[in-house]
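See below for the structure under consideration.
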There are 2 protein chains.
Amino acid sequence: MAGSECEHCVHRRRGLCASLIEQQSVQWLEARRRTREDPARTVLYEPGQPSQHVRILKAGWAASFVLRSDGRRQMLSLLLPGDIFSVLMLHRPTLTFSFAALTDVAVCHIALNREDVAAIQDFLGGACAEEVTGLQRRVVDLGSRKAQARLAGFLLDLDARLRAQGATGDWQPLFMRQYDLADMFGMSAVHVSRVLSWLRHEQLIDLRPESFRILHYPGLQAVADRI
Amino acid sequence: MAGSECEHCVHRRRGLCASLIEQQSVQWLEARRRTREDPARTVLYEPGQPSQHVRILKAGWAASFVLRSDGRRQMLSLLLPGDIFSVLMLHRPTLTFSFAALTDVAVCHIALNREDVAAIQDFLGGACAEEVTGLQRRVVDLGSRKAQARLAGFLLDLDARLRAQGATGDWQPLFMRQYDLADMFGMSAVHVSRVLSWLRHEQLIDLRPESFRILHYPGLQAVADRI
DNA sequence: CGGCTTATTGAAATGCTTCAAAACCAGTGG
DNA sequence: CCACTGGTTTTGAAGCATTTCAATAAGCCG
């Protein structure tokens, strides 16, 4: 059974795994990877920790973040199932930021050597470019938009991202605490609560413990487009 | 004369040029590049514009930025002589952001085809990783530090960057208007003025039209380290 | 000198944070 | 079934950071 995990993996058709399988084979990949499961809130990678493995989030949600000396946490990106973390690990011996599980997660660790990496340069270049583009969006977001616009835009993005992965219903999962959103968008948890309450009060979204629903796309978009 | 520009170029020993010369030769590089000069405030690249050329800032200062539909400008990064823009051009047909000259500039355009790019993958991977790291720093900066800390940190960084390039004196150049700094750090030009005045009043820095001087490193560092 | 761009200053308004208290919620053990 | 707990969200009030608007000053160029 263990020998056929890759065969049946949802993620084998896209991204890193697809490239590796194309270059080599499913068996080759299977031999170089192992799955690890971790409970919610576990730190998956600490800055400075040398690692030979590039990882793929098989199931659950995770996030990358920087822990500042004053205890403050700045989230860099949100990882959904299928996302790779981190392309940088293939270029650098260690990273300067952390990864943590937001929910229970299953993570696939893949061991690649220099030649393996060389064989998938095309894919890696593209993945690195995506990483840059995503971070640029965050800079624009943090630098030039107000809290309301950031949260509205985030919910729209997340909705689109989940639908692109095949989600269909009205309700979408949201496995983040309000303080996670606060750390993501550089605002206080209190203010996150207020903004979300306001969006709800305006009938733009509906919110439940671990899920949300967009009630009025154009309205929410209008808020997201405000300065 | 034109045939020997690369030979005498200050930047030939580092970065992209060094990699290309190592892989091929100075003559090879010379044949694929041409220099362009542009006055201050010129737009060097507009988003969406297809370009076969990767560029190196030979002289002057420039910046990358996103122009938002509401007219607001978010600067992404500051380019100093020797900096490449942009690694992303080698992975994507077009970019989503702009480059503009802050001063009069000389820009070296280099035409590379797919094989040329493949030959310097090692260098490109590293450069892309650097790009990511720099943007992550900006996210942390914008997300979790106050205006004072951002400006203090910027001056310290810039000072270090210029000294790493060989600058020695007390005074360092600063070819940015206050509204450039505002667009860079997500604050209003008025507030930039106030913060700089305050830093000056605290005897931490000295400021003149196109240059600055750090008067008290530990003090400025202390401000930069504040939340 | 006049006209342009950039920087400074003040006053008022807005956005956001902090602190503190209360409400809510899920799980635990009685 | 209830009370208790710990983690999370909501709410209010006060204070701080930053923006906006508007007016003035300073610097530079022709």
Side-chain angles (χ1 to χ4, degrees), chain A residues 39-42 68 70-74 100-104 141-153 155 174-202 205-212 223-224 226-227, chain B residues 39-42 61 68 70-74 100 102-104 141-153 155 174-202 205-212 223-224 226-227:
Chain A
R41 303 286 145 190
T42 311
R68 297 193 30 163
D70 52 32
R72 212 167 155 154
R73 193 179 64 144
Q74 175 65 50
L102 295 175
T103 65
D104 294 351
D141 208 32
L142 291 169
S144 69
R145 300 167 91 193
K146 305 224 180 269
Q148 283 180 0
R150 287 197 287 243
L151 280 179
L155 293 176
L174 178 60
F175 299 122
M176 299 171 80
R177 300 290 110 84
Q178 293 193 358
Y179 56 73
D180 291 322
L181 292 171
D183 289 346
M184 182 123 197
F185 294 109
M187 49 205 277
S188 69
V190 173
H191 199 50
V192 170
S193 170
R194 283 193 232 272
V195 171
L196 289 178
S197 297
W198 180 82
L199 289 174
R200 204 163 21 181
H201 173 260
E202 296 288 308
I205 62 168
D206 199 351
L207 218 47
R208 288 209 219 132
E210 307 235 272
S211 58
F212 74 104
V223 174
R226 293 223 275 258
I227 301 179
Chain B
R41 302 288 145 189
T42 310
W61 286 27
R68 296 195 30 166
D70 53 31
R72 212 166 155 154
R73 191 178 65 145
Q74 174 64 53
L102 295 175
T103 66
D104 294 350
D141 208 31
L142 292 169
S144 68
R145 300 168 90 192
K146 305 224 178 268
Q148 282 179 3
R150 287 198 287 244
L151 280 179
L155 293 175
L174 177 60
F175 299 122
M176 299 170 80
R177 302 288 109 83
Q178 293 193 356
Y179 56 72
D180 291 322
L181 292 171
D183 289 345
M184 181 121 198
F185 295 110
M187 50 204 276
S188 68
V190 174
H191 199 51
V192 169
S193 170
R194 281 194 234 273
V195 171
L196 289 179
S197 296
W198 180 82
L199 289 174
R200 204 164 20 182
H201 173 260
E202 294 291 306
I205 64 168
D206 201 349
L207 219 47
R208 286 208 219 134
E210 307 235 271
S211 58
F212 74 104
V223 174
R226 294 224 273 257
I227 301 178

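In what follows, chains are A, B, ... by sequence order, proteins preceding strands, each numbered from 1.
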Determine, for B/Arg72 against B/Asp70, whether the closest basic-nitrogen to carboxylate-oxygen distance falls under 4.0 angstrom. no
Distances for protein N or O near nucleotides 27-30 of chain D N or O, under 3.5 Å:
none

Can you list the residues that meet the side-chain contact (heavy atoms from CB on, under 4.5 Å) rule with A/Ala189, with sequence neighbours excluded? A/Tyr179, A/Ala182
Using whole Å, what does the distance between atom P of nucleotide D/dC16 and atom NE2 of B/His191 come to? 15 Å
Under a criterion of less than 4.0 angstrom to any heavy atom of chain A, what are the 5'-terminal and 3'-terminal contacting nucleotides of DNA chain C? C/dC16 to C/dC19
Please list, chain by chain and in numerical order, all residues satisfying side chain to side chain donor-acceptor pair (under 3.5 Å) with B/Arg145, sequence neighbours excluded. B/Asp141
For B/Ala149 and B/Arg226 the tightest heavy-atom approach is CB-O, 3.5 Å
Heavy-atom nearest nucleotide on DNA chain C for B/Lys146 versus B/Arg41: which residue maps closer to 5'? B/Arg41
Check DNA chain D against residues 179-189 of chain B and give the residues with a non-hydrogen atom under 4.0 Å, in numerical order. B/Gly186, B/Met187, B/Ser188
Report the end-to-end axis angle of the helix from C/dC1-D/dG30 to C/dG30-D/dC1; each axis comes from five terminal pairs, and the value is rounded to 10°. 30°
Full working for side chain to side chain contact (heavy atoms under 4.5 Å, CB included) between B/Leu207 and B/Leu199: CA-CA 10 Å; B/Leu207 219 47; B/Leu199 289 174; over 6 Å; no
Any side-chain N or O of A/Arg200 under 4.0 Å from OP1/OP2 of D/dT10? yes
Please name the pair of heavy atoms, one in B/Pro39 and one in B/Asp104, separated by the smallest distance, quoted to 0.1 Å. CA-OD1, 3.4 Å
Taking the side chain as everything from C-beta on, heavy atoms only, tell me whether A/Glu202 gets closer than 4.5 Å to A/Trp198. yes
Please determine if B/Arg41 and B/Asp180 form a salt bridge, counting it only when a charged side-chain N lies under 4.0 Å from a carboxylate O. yes
With DNA chain D as reference, determine whether A/Arg194 or A/Leu207 sits nearer its 5' end, using the nearest nucleotide of each. A/Leu207
Taking the side chain as everything from C-beta on, heavy atoms only, tell me whether B/Leu181 gets closer than 4.5 Å to B/Met187. no
Of the nucleotides D/dA22, D/dA17, D/dT9, which one has an atom closest to the side chain of B/Val190? D/dA22
Polar side-chain atom of A/Gln148 near backbone of A/Ala224 as donor-acceptor pair, under 3.5 Å: no
D/dT9 C1' sits how many Å from A/Phe212 CZ, rounded? 18 Å
Can you tell me the distance, in whole Å, between the CE atom of A/Met176 and the P atom of D/dT9? 11 Å
Nearest heavy atoms of A/Thr103 and A/Phe175, plus distance in Å: CG2-CB, 3.3 Å
Spell out, as yes or no, whether a donor-acceptor pair under 3.5 Å connects the side chain of A/Thr42 to the backbone of A/Ala101. no
OP1 or OP2 of D/dA17 versus the side-chain N and O atoms of B/Gln148: is any pair under 4.0 Å? no
Donor-acceptor pair, side chain of A/Asp183 and main chain of A/Gln74, under 3.5 angstrom: no
